[in-house]
Structure formats: C-alpha cells, structure tokens
Number of protein chains: 2
Amino acid sequence: MSTYTIKELSKLFDVQSSTLRYYEDIGLLTNVGRTDTNQRIYTDEHIARLNAISCFKNTGLPISKMQDFFKYEANLENNIDEIIDLVTEHEKNIKEQIKKMQDELAHIEHKVRFYNGIKEAIDKNAPWPYWDDYNI
Amino acid sequence: MSTYTIKELSKLFDVQSSTLRYYEDIGLLTNVGRTDTNQRIYTDEHIARLNAISCFKNTGLPISKMQDFFKYEANLENNIDEIIDLVTEHEKNIKEQIKKMQDELAHIEHKVRFYNGIKEAIDKNAPWPYWDDYNI
DNA sequence: TCTTGCCTTAAAGTATACTTGAAGTATTAT
DNA sequence: ATAATACTTCAAGTATACTTTAAGGCAAGA
C-alpha cells in the first residue's frame with residue numbers, strides 16, 4: 001500500500017496543500033497519518049476519498065452534503081437509507097443540471113451565430129441583421 | 001411597450017427585489033426608470049436583459065464577465081471582436097461542463113446502484129457486495 | 001385616519017469555499 | 001554547515017454573489 005506526502009496529493013489532484021489541510025479540518029479527509037516529525041502521510045484510502053470529493057465537487061455537491069456523505073459512509077449499516085437518499089437526490093440534480101445546460105447552450109450558440117453575423121455585416125459595410133431575431 | 005414594478009420582475013424571474021437593485025448597482029441593469037415618487041419602473045428591455053442574465057447565470061458565467069458582455073453590447077461596433085471572444089469562450093466552457101457532468105453522472109449512478117445493493121444485502125441479511133467493485 | 005406593507009438608500013452582514021499570513025520546525029541541495 | 005524550500009498550527013483574510021438592516025417615505029385596504 002502506497003503512501004503520499006501532502007505535496008504529492010496536491011499535484012495529483014491539482015489542489016493546494018492548504019486545501020488538503022482544510023478538507024481534513026472539516027472532516028472530508030479522516031485518519032491522516034503523521035511522520036515522526038509530524039508531517040502528514042496519506043494512503044490509497046485518501047486517494048479514493050479525493051476521487052469522490054473531486055467527483056462531488058465537479059457536480060456541484062456542497063461541502064456540507066459531502067460531510068454528511070462521508071459520515072454516513074463511516075457507519076453505513078445504520079445510515080444506508082440516508083446515503084441512498086443523498087446520492088439519489090444528487091443524481092437527480094446532476095440530470096437536471098445537464099438538461100438545463102443543454103437548453104442554455106442553444107441560446108449561447110445562437111448568440112455566437114448572431115454576433116458573427118454582425119461582424120460579417122460590419123466587415124462588409126452591410127446593414128446589420130435584424131435585432132428581432134436576437135431575443136429568441 | 002409594457003412596464004413592470006420591481007415586485008413584478010422579482011416574481012417573473014424568481015429573484016429578490018434586493019437582487020434587482022444589486023444588479024443595477026453593479027451595471028447589469030441599466031436605464032431603469034422611476035415614477036414621480038422615485039420607485040423603479042422596468043420595461044421589456046429589462047426583461048430581455050434578465051433573460052440573458054438568467055441564461056448566463058445558469059451556465060456559470062461570472063458576474064464580472066456579464067458586466068463586460070453588457071458593456072460590449074452597449075457599443076457593439078467597437079467591441080464586436082471582444083463580444084465574439086466572450087460568447088465563443090463561454091460556449092466552449094458550457095460544452096466542457098456538460099461533458100464533465102455526463103462523465104461524473106456515470107460515477108454517481110454507480111454509487112446509487114452500489115448503495116442499493118448494500119441495502120438489499122442488509123434487508124436480506126446477506127453478505128455485502130465486494131468493495132472492490134466500488135472504486136471504479 | 002390608521003395600519004400594514006412595499007418602496008427608497010447606504011452600509012454592513014452572510015454563505016461558501018477556500019487562501020494567506022505569522023511564527024516556528026523540518027528537509028533538501030550545494 | 002548553510003541557505004532555500006517545505007512542513008506545521010491557528011487565526012485572519014479573500015472572492016463571489018448576494019442579503020439584511022436601519023431609517024425613513026409612499027400606498028392601499030378597513
């Protein structure tokens with residue numbers, strides 16, 4: 001089983017060392033070992049944790065929910081319903097977010113086409129496309 | 001051309017009145033009219049603005065970029081390249097966000113299946129599924 | 001007319017998620 | 001050995017995006 005220094009994890013996950021200390025302070029990272037000179041040692045357990053944190057973060061799960069999640073996970077038998085609720089609700093949220101982003105992407109793509117149309121008109125000294133077409 | 005009170009816009013866009021005042025303070029809403037007793041009056045121009053703000057917000061564009069966008073839009077002839085850059089980069093960001101969310105959704109769906117498997121095992125008093133399967 | 005409730009400004013406060021600073025100890029390269 | 005860099009704790013600071021408070025003016029129903 002491998003071990004890692006704070007700097008190694010920092011590079012692996014592209015987070016600052018201070019963020020790793022912060023995650024430990026607030027209970028997202030637990031059971032962090034120490035060298036005889038008090039420096040943190042992480043293990044593959046922490047790699048797995050940080051993969052989960054990264055996934056949760058990328059999908060907009062707030063830290064408070066992550067704290068709940070890892071607390072539930074530490075005592076899964078007694079919190080299985082709570083953890084299922086948490087991940088199921090988060091799954092639903094992600095699907096809604098994706099749908100919303102896809103809808104809004106269409107609007108942004110429209111804006112990109114619209115302003116490129118304006119630029120062409122400016123370059124050719126031609127009249128601008130109608131603004132009526134803009135606010136769809 | 002219709003006009004709207006702050007309360008009407010607040011309800012239409014599901015934002016607090018204070019947020020509409022804040023958006024005006026920081027330049028996201030401009031040319032807001034007043035009644036003879038100093039109360040704000042909005043027009044369809046502001047409806048269009050708030051649709052754009054809402055779209056940008058839903059797709060994670062920071063307010064500082066929105067400020068740039070509306071400043072460019074107010075003087076489009078001289079800022080057409082800047083506004084095209086802004087919306088094109090934002091389009092790219094949204095696409096990346098959607099892709100990332102779709103990838104991470106697969107992980108969350110895996111967690112949902114995994115914890116439901118645990119729950120079934122608990123309910124049946126059966127042994128738990130292997131943790132090896134968990135960290136994919 | 002009174003009361004309730006919405007409007008106004010300006011400044012201060014809040015929530016979330018870190019980040020930085022200070023002071024001190026430890027490690028690494030020359 | 002010495003200098004530069006990295007580690008430690010703990011508290012305070014920062015960034016973003018609002019939200020609330022205070023103190024007062026305006027408005028609509030009983």
Side-chain angles (χ1 to χ4, degrees), chain A residues 3-43 46 49-50 52-71 86 90 93 97 100 104, chain B residues 3-43 46 49-50 52-71 86 90 93 97 100 104:
Chain A
T3 62
Y4 310 86
T5 66
I6 199 165
K7 201 175 188 184
E8 284 165 347
L9 274 205
S10 164
K11 274 176 189 157
L12 267 173
F13 288 93
D14 195 28
V15 292
Q16 295 204 338
S17 297
S18 60
T19 306
L20 294 171
R21 291 187 204 103
Y22 167 70
Y23 284 167
E24 189 181 341
D25 284 347
I26 63 172
L28 291 191
L29 293 173
T30 50
N31 306 319
V32 178
R34 297 292 177 126
T35 66
D36 51 357
T37 59
N38 200 34
Q39 296 183 213
R40 288 173 175 81
I41 311 173
Y42 300 92
T43 67
H46 301 104
R49 263 303 165 92
L50 282 165
I53 291 169
S54 170
C55 172
F56 287 146
K57 189 179 162 175
N58 283 333
T59 50
L61 190 75
I63 281 184
S64 57
K65 292 278 178 76
M66 295 190 210
Q67 290 172 316
D68 293 343
F69 177 86
F70 293 120
K71 264 180 249 157
L86 196 157
H90 189 45
N93 284 344
Q97 281 185 74
K100 194 168 222 172
E104 301 289 29
Chain B
T3 61
Y4 310 85
T5 66
I6 200 167
K7 200 175 189 184
E8 284 165 347
L9 273 205
S10 165
K11 274 175 191 159
L12 267 173
F13 287 93
D14 195 28
V15 291
Q16 295 204 345
S17 297
S18 60
T19 306
L20 294 171
R21 291 187 205 104
Y22 167 69
Y23 284 167
E24 188 180 341
D25 284 348
I26 63 172
L28 290 192
L29 293 173
T30 51
N31 306 317
V32 179
R34 296 294 178 124
T35 66
D36 51 357
T37 58
N38 201 34
Q39 296 182 212
R40 288 171 175 83
I41 311 172
Y42 300 91
T43 67
H46 302 104
R49 263 301 164 94
L50 282 164
I53 292 169
S54 170
C55 172
F56 287 146
K57 188 178 162 175
N58 283 334
T59 50
L61 189 76
I63 280 183
S64 56
K65 292 278 178 77
M66 294 190 211
Q67 290 172 318
D68 292 344
F69 177 86
F70 292 120
K71 263 180 251 156
L86 195 157
H90 189 45
N93 284 344
Q97 280 185 73
K100 195 169 222 173
E104 301 289 29

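Keep in mind that this is a model prediction, so the values were computed, not measured. Numbered from 1 within each chain, the chains take letters A, B, ... in sequence-line order.
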Quick one, which residues of [range] touch DNA chain C with a heavy atom under 4.0 Å?
| range | value |
| --- | --- |
| residues 29-43 of chain B | R34(B), N38(B), Q39(B), R40(B) |
| residues 55-67 of chain A | K57(A), P62(A), I63(A) |
| residues 9-19 of chain A | Q16(A), S18(A), T19(A) |

Taking side chain to side chain donor-acceptor pair (under 3.5 Å) as the definition, give me every residue that meets it alongside D36(B), ordered by chain and number, with sequence neighbours left out. none
With sequence neighbours excluded, residues passing side chain to side chain donor-acceptor pair (under 3.5 Å) with Y23(A):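 Not a single residue meets the side chain to side chain donor-acceptor pair (under 3.5 Å) criterion with Y23(A).
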Once you apply a heavy-atom cut-off of 4.0 Å, does I26(B) come out as touching a base, just sugar-phosphate, or nothing? nothing
For the helix from dT1(C)-dA30(D) to dT30(C)-dA1(D), what is the angle between the axes at its two ends, each from 5 pairs, rounded to 10°?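 Answer rounded to 10°: the end axes differ by 10°.
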First contact, last contact: which nucleotides of DNA chain D are these for chain B, 5' to 3', heavy-atom distance under 4.0 Å? dA17(D) to dA27(D)
For N31(A), the side-chain contact (heavy atoms from CB on, under 4.5 Å) test, sequence neighbours excluded, returns E45(A)
Measure [atom1]/[X] against [atom2]/[N] and give the value in whole Å, please.
| X | N | atom1 | atom2 | result |
| --- | --- | --- | --- | --- |
| D25(A) | dT20(C) | CG | P | 16 Å |
| I53(A) | dC18(C) | CD1 | P | 10 Å |
| E8(B) | dC7(C) | CD | C1' | 14 Å |

Can you list the residues that meet the salt bridge (charged side-chain N to carboxylate O under 4.0 Å, His left out) rule with R40(B), with sequence neighbours excluded?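 Residues passing salt bridge (charged side-chain N to carboxylate O under 4.0 Å, His left out) with R40(B): E24(B).
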Hey, what do you get for [atom1] ([X]) to [atom2] ([Y]), rounding to the nearest 0.5 Å?
| X | Y | atom1 | atom2 | answer |
| --- | --- | --- | --- | --- |
| I53(B) | F69(B) | CD1 | CZ | 10.5 Å |
| N93(A) | K100(A) | CG | NZ | 10.5 Å |
| T43(B) | R49(B) | OG1 | CZ | 10.0 Å |

Listed pairs under 3.5 Å, donor-acceptor, residues 6-22 of chain A side chains, sequence neighbours left out:
from	atom 1	to	atom 2	distance (Å)
E8(A)	OE1	T5(A)	N	2.8
S10(A)	OG	V15(A)	O	2.7

Detail all sub-3.5 Å separations between protein N/O atoms and N/O atoms belonging to nucleotides 22-24 of chain C.
none

Only distances under 3.5 Å count here; give the side-chain donor-acceptor pairs of residues 55-64 of chain B to other protein atoms, sequence neighbours excluded, each with its distance to 0.1 Å.
from	atom 1	to	atom 2	distance (Å)
N58(B)	ND2	E104(A)	OE2	2.7
N58(B)	ND2	S54(B)	O	3.2
T59(B)	OG1	C55(B)	O	2.8
T59(B)	OG1	F56(B)	O	3.0
T59(B)	OG1	H90(B)	NE2	2.8

Is a donor on one side and an acceptor on the other found under 3.5 Å between the side chain of Q67(B) and the backbone of I26(B)? yes
Which heavy atom of H46(A) sits nearest to which heavy atom of T30(A), and what is that distance?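 Residues H46(A) and T30(A), closest heavy atoms: NE2-O, 2.8 Å.
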Contact check, side chains of L50(A) and Y42(A), non-hydrogen atoms, under 4.5 Å: no
